[in-house]
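These notes are about the structure you will find just below.
Fair warning: this is a prediction, and the values are worked out from it, not measured in the lab.
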There are 2 protein chains.
Amino acid sequence: MEKRLTPAETYEDLRAQISARHGALSRRLQQIAEFALQHPNEMALETVAAIAERAQVHPSSLIRFGNAFGFDGFSDMQRVFRSRLVDRVPSYGERIKSLRTAKVGGAAEALDSFVEAGIRALEHLRDETRPDSLERAIDVLARAQIIHVVAQRRAFPVAAYLAYALGQLDRRNHLLDNLGGMLAEQARAMAPGDALIAVSYKPYAPETLEVVKRAHGAGIPIIAITDNPLSPLMPLASVAFEVEESKVEAFRSLTASLCLAMSLVVGLGQALERRPKRRLRKGAA
Amino acid sequence: MEKRLTPAETYEDLRAQISARHGALSRRLQQIAEFALQHPNEMALETVAAIAERAQVHPSSLIRFGNAFGFDGFSDMQRVFRSRLVDRVPSYGERIKSLRTAKVGGAAEALDSFVEAGIRALEHLRDETRPDSLERAIDVLARAQIIHVVAQRRAFPVAAYLAYALGQLDRRNHLLDNLGGMLAEQARAMAPGDALIAVSYKPYAPETLEVVKRAHGAGIPIIAITDNPLSPLMPLASVAFEVEESKVEAFRSLTASLCLAMSLVVGLGQALERRPKRRLRKGAA
DNA sequence: GGCGATATGAAACGAAAATTCCATCTCGGT
DNA sequence: ACCGAGATGGAATTTTCGTTTCATATCGCC
């Protein structure tokens, strides 16, 4: 109880303390220290009894271990191990606090915020996107005669980019841009053998949803890029991607969506090179 | 207890089931479903009482939620959420080397590359953008009667986004989209007192350059977003931003440009709040 | 509008877990 | 070898938490 110097807030700090004081600890406490460094996951999630069993020590030693490092019991220390699981934001993390200090209101601060939000969104995209979803989506696109792309309002730039990039690949594509309010007519151009990429965020544009429903009814495979697992696009989509765009001041970024879009296009290009069955020549307007 | 069809072993499966059955669940269970999808970390680590508090439901509903998906109570389901934390992606460092080794052109590798490129582009943007350039650009925009936006081809999505975002600010704006090949005619709408945002990358679209020249001749201030200090837009621009978009496989990202665009818009919004002289009402189509 | 079924919330229950207490053990110093 | 301080393990204790039960509310249906 004498050593109440160090509460230790982050996992990295605690890890350092355990390493440093390891030699000075009693036998059981050393045992626990080694186990803790080697199995941080179990330290975070298991119960005292289970950990004691695995580490071959008595349960009460675990409480003493926590106390030895300034915690108020084992559970108190376990919170630090748990925090490691939650905010595993590998490369970033500490950089954030440096910009927190900056003053508010300037445009430079807005830029900082958006850069930060963009990086977050990208890392989230990387960590949460399942590789097989990408593969399946690319497979769908590789088989499609014509790739239709639909999005409205905030999501529209993503569709515009997709149409441009698919054109660069010599891939027939069709941007349903609702020009002249003729979205429904444009949607009639979708035929069996085609595919549809739909991008929509909350509040989901009803026009986009209509197009998706029509495609679904016609048996056309749908690749959805949306922002929520409960999005109305989800149940209709053959492959769905969820991008979480962190927002700043009510403005959401498109960073992650565009990154995903590019990855789809480049992945498609690679797939077509590998199996160059029918490369189609003409890009549609 | 009747629905004992589905044990659900992995987090991804559970997530899919929650999404699928969301509509068919009762009100409280839907509430929990949404919370669970949005806060998987808390679902994994917090206690029943804490989660119930955060999700604004009664603790017992959480047990029912678990039962509804075939689990034997809440703790049983929580194991699945915890598994997600344990066997997560190894985290940045290891991820990179696995990408270095297995670079056989899968789509996941393309995604990793784009995420990395995007992060680099954003950091470069943050480090190289001069704060006073932002301030001056925002000042120009704040004084403008109508903000015209022009971009073609690859840069067009940036313009589309700018037009959307400026509209959200109730800022009069005009997207010169070259619809019907009438870009020159659209450019005639520019009048003294307006401003122009032009976005163009190599190879610089001649149409865009034409518009910029015309604006310059008419004494309309120009904000340029471009990719090179030698860009033809540079000498004509009142304020110029240089964004370096790192490219992957001949595809350049728009990440940094969009981030800059958002920062301009939000900065403009803040500036207008601070000195709310004439807030204009109507956004142009 | 009433009735049954289902959903929901409050409280009680029981189990499990963390922590404390205390007796015993270990070991270093004299 | 003895003594004492600290370490250790077993068991008791107390707290916390998950779950169950039951009364009430809500909703859909006839």
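The interatomic distance linking B:R79 (CZ) with D:dG18 (P) rounds to 14 Å, in whole Å. In this structure, CD of B:E46 is placed 14 Å from C1' of D:dT16, rounded to the nearest angstrom. Taking atom CE of residue A:M43 and atom C1' of nucleotide C:dA18, one finds them 14 Å apart after rounding to whole Å. Straight-line distance from the CZ atom of B:F65 to the P atom of C:dG9: 15 Å, rounded to whole Å. The CZ atom of A:F74 sits 11 Å away from the C1' atom of C:dA17 (whole-angstrom rounding). One atom, CG of B:L25, and another, P of C:dT8, lie 10 Å apart when rounded to the nearest Å. Rounded to an integer number of Å, the gap from CG of B:L62 to P of C:dT8 is 12 Å. One can place CG of A:L29 at 11 Å from P of D:dG9, the figure rounded to the nearest angstrom.
Partners of A:F74 according to the ring pair (Phe, Tyr, Trp, His ring centres under 6.0 Å) rule, which considers only residues two or more places apart in sequence or in another chain, do not exist here. Remark: B:F35 engages B:H39 in a ring pair (Phe, Tyr, Trp, His ring centres under 6.0 Å) (not counting sequence neighbours).
Judged by a 6.0 Å distance limit and a 45° cone about the ring axis, A:R154 is not positioned over the six-membered ring of B:Y161.
Dashed line: the shortest gap from a side-chain N or O of A:S61 to OP1 or OP2 of D:dA7 is not under 4.0 Å. When the side-chain nitrogen and oxygen atoms of B:S75 are compared with OP1 and OP2 of D:dC17, none of them lie within a distance under 4.0 Å.
Not a single donor-acceptor pair under 3.5 Å links the side chain of B:D13 to the backbone N or O of B:A8. In this structure a side-chain-to-backbone donor-acceptor pair under 3.5 Å is missing from A:S231 to A:D227.
DNA chain C is contacted by no residue of residues 47-57 of chain B, taking any non-hydrogen atom closer than 4.0 Å.
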(message) Base contacts versus sugar-phosphate-only contacts with protein, heavy atoms under 4.0 Å: please encode nucleotides 20-29 of chain C as B, S and - from 5' to 3'.
(response) B---------

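The shortest heavy-atom contact between A:I220 and A:A195 is CG2-CA, 3.7 Å.
Screening residues 118-157 of chain A for ring pair (Phe, Tyr, Trp, His ring centres under 6.0 Å), with sequence neighbours left out, gives A:H148-A:H174. Residue pairs meeting the salt bridge (charged side-chain N to carboxylate O under 4.0 Å, His left out) criterion with at least one member in residues 33-47 of chain B, sequence neighbours excluded, are B:E42-B:R54.
Side-chain contact annotation: A:Q30 with A:R27, donor-acceptor N/O pair under 3.5 Å absent.
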